[in-house]
Amino acid sequence: MASSSCPFYFLFFSSCLLIPISIQSHVQSPEKHASLFIFGDSLFDSGNNNYLKNAAGRANFWPYGETFFKYPTGRFSDGRIIPDFIAEYLKLPLIPPYLQPGNHQFTYGANFASGGAGALVETYQGMVIDLKTQLGFFKKVEKQLRQKLSNTETRTLLSRALYIFSIGGNDYVEPFVTNSSVFQYLSKEEYVGMVIGNVTTVLKEIYKIGGRKFGFLSLLDLGSIPSVRAREQNSPSGLMKEATVLAKLHNKALSNVLKKLQKELQGFKYSVFDFYTSTTDRIKHPSKFCGGESSMLWQWALQRNGSLWWKWDGSNKRVRTV
Ligand SMILES: *[C@@H]1O[C@H](CO)[C@@H](O)[C@H](O)[C@H]1NC(C)=O
Ligand SMILES: *[C@@H]1O[C@H](CO)[C@@H](O)[C@H](O)[C@H]1NC(C)=O
């Protein structure tokens, strides 16, 4: 059985790791704002996992949240996460987790992301909101919007909205951390095809509902993440290399499928942020990005009492992960 201590694919940002993301938007006035719909994993989760009974991981304890919110919000970060910065850029309030109880407006968007989630239903099944379920939540939101707004207003809101994704990393890392045999009967290419196939299905559904503007993070080098490195250290088997190959295959396939969708679907627009290069640069040359202070978190993965700990900056702070 999967235990709640499986390390999944995640990452913490300290302020010097912030990655500028440029997204074109000229709509700033409150009535004309662009909404933000957020899908994905721990990189984008603003606290949904807090509300799951059996979450693969939560970030609801100190020192998460330390530098910005001053309390742990459920974000897997000491501060804000990428969707928060995009929301700020769009002059929107920060988008709360969809599962947070209370009256949501949804006219600003919604955040469905869940730490540990993948595009495949099987990835940390029962412990995350998988992408398909996230799409289901989005459909519910769309219905609620239609009850509140006119058809034209809803259509405008949905077509003007930004749909951002950070997904796939967990699909590739989970088989390694759970010792799954999936790669014994599927080639890497076939497995990547399945992940991308499921992402594509979700994109087409959102397009059908009216979504037009899509944004993605490519996968970072999965061979560099602590859970994979720790496994490799314990039992060297070329895991790190395999994880790197999978990330590269995924990124290539994602890029191809997006080009194809743009040709097929009228008005489909997308942008991919090269997270692979960006994070690799930061791992290799932390001083270039962090004012001379070495602060890259990956490098200090330590295995302690069965939990992974690592620093998230150069000042000895450490975060316990699940
Ligand atoms: C996977 O295998 C490794 C090495 O054989 C072992 O240490 C680890 O406990 C296993 N993990 C799971 C989730 O079965
Ligand atoms: C989606 O993933 C499932 C496994 O969860 C797989 O059986 C199915 O073929 C995939 N769909 C596509 C369109 O690739």
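All values derive from a computational prediction rather than experimental measurement. Atoms within a ligand are numbered from 1 in the order they appear, just like the ligands themselves. In this chain, residues are counted from 1 in sequence order. Quick note: numbers below take in every heavy atom, side chains included, and nothing from hydrogens, waters or symmetry partners.
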> Using 30° and 60° as the class boundaries, would you call the ring planes of Phe112 and Phe37 parallel, tilted or perpendicular?
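Plane angle under 30°, so parallel.
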> Between Phe44 and Phe39, is a ring-ring contact (aromatic ring centres under 6.0 Å, His included) present by the stated rule, with each step listed?
CA-CA 7 Å; Phe44 282 9; Phe39 298 82; 9.8 Å; no
> Please, which pairs that meet salt bridge (Lys or Arg N to Asp or Glu O under 4.0 Å) have at least one residue in residues 264-275, sequence neighbours excluded?
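Residue pairs with at least one partner in residues 264-275: Lys260-Glu264.
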> Listed by chain and number, what are the ring pair (Phe, Tyr, Trp, His ring centres under 6.0 Å) partners of Phe106, not counting sequence neighbours?
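Testing Phe106 for ring pair (Phe, Tyr, Trp, His ring centres under 6.0 Å), a comparison that skips the adjacent residues, returns Tyr98, His104.
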> Find all protein N or O atoms under 3.5 angstrom from an N or O atom of ligand 2 and list the pairs with distances, or write 'none'.
from, atom 1, to, atom 2, distance (Å)
ligand 2, 2 (O), Asn198, OD1, 3.3
ligand 2, 2 (O), Asn198, ND2, 2.3
ligand 2, 5 (O), Glu122, OE1, 2.6
ligand 2, 5 (O), Glu122, OE2, 3.1
ligand 2, 11 (N), Asn198, ND2, 3.1

> For this output row, return yes or no: ring centroids of Tyr191 and Phe183 closer than 6.0 angstrom.
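Here the rings of Phe183 and Tyr191 have centres that are less than 6.0 Å from each other.
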> Taking side chain to side chain contact (heavy atoms under 4.5 Å, CB included) as the definition, give me every residue that meets it alongside Val272, ordered by chain and number, with sequence neighbours left out.
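Side chain to side chain contact (heavy atoms under 4.5 Å, CB included) list for Val272, sorted by chain: Phe216, Ser218, Leu258, Tyr270.
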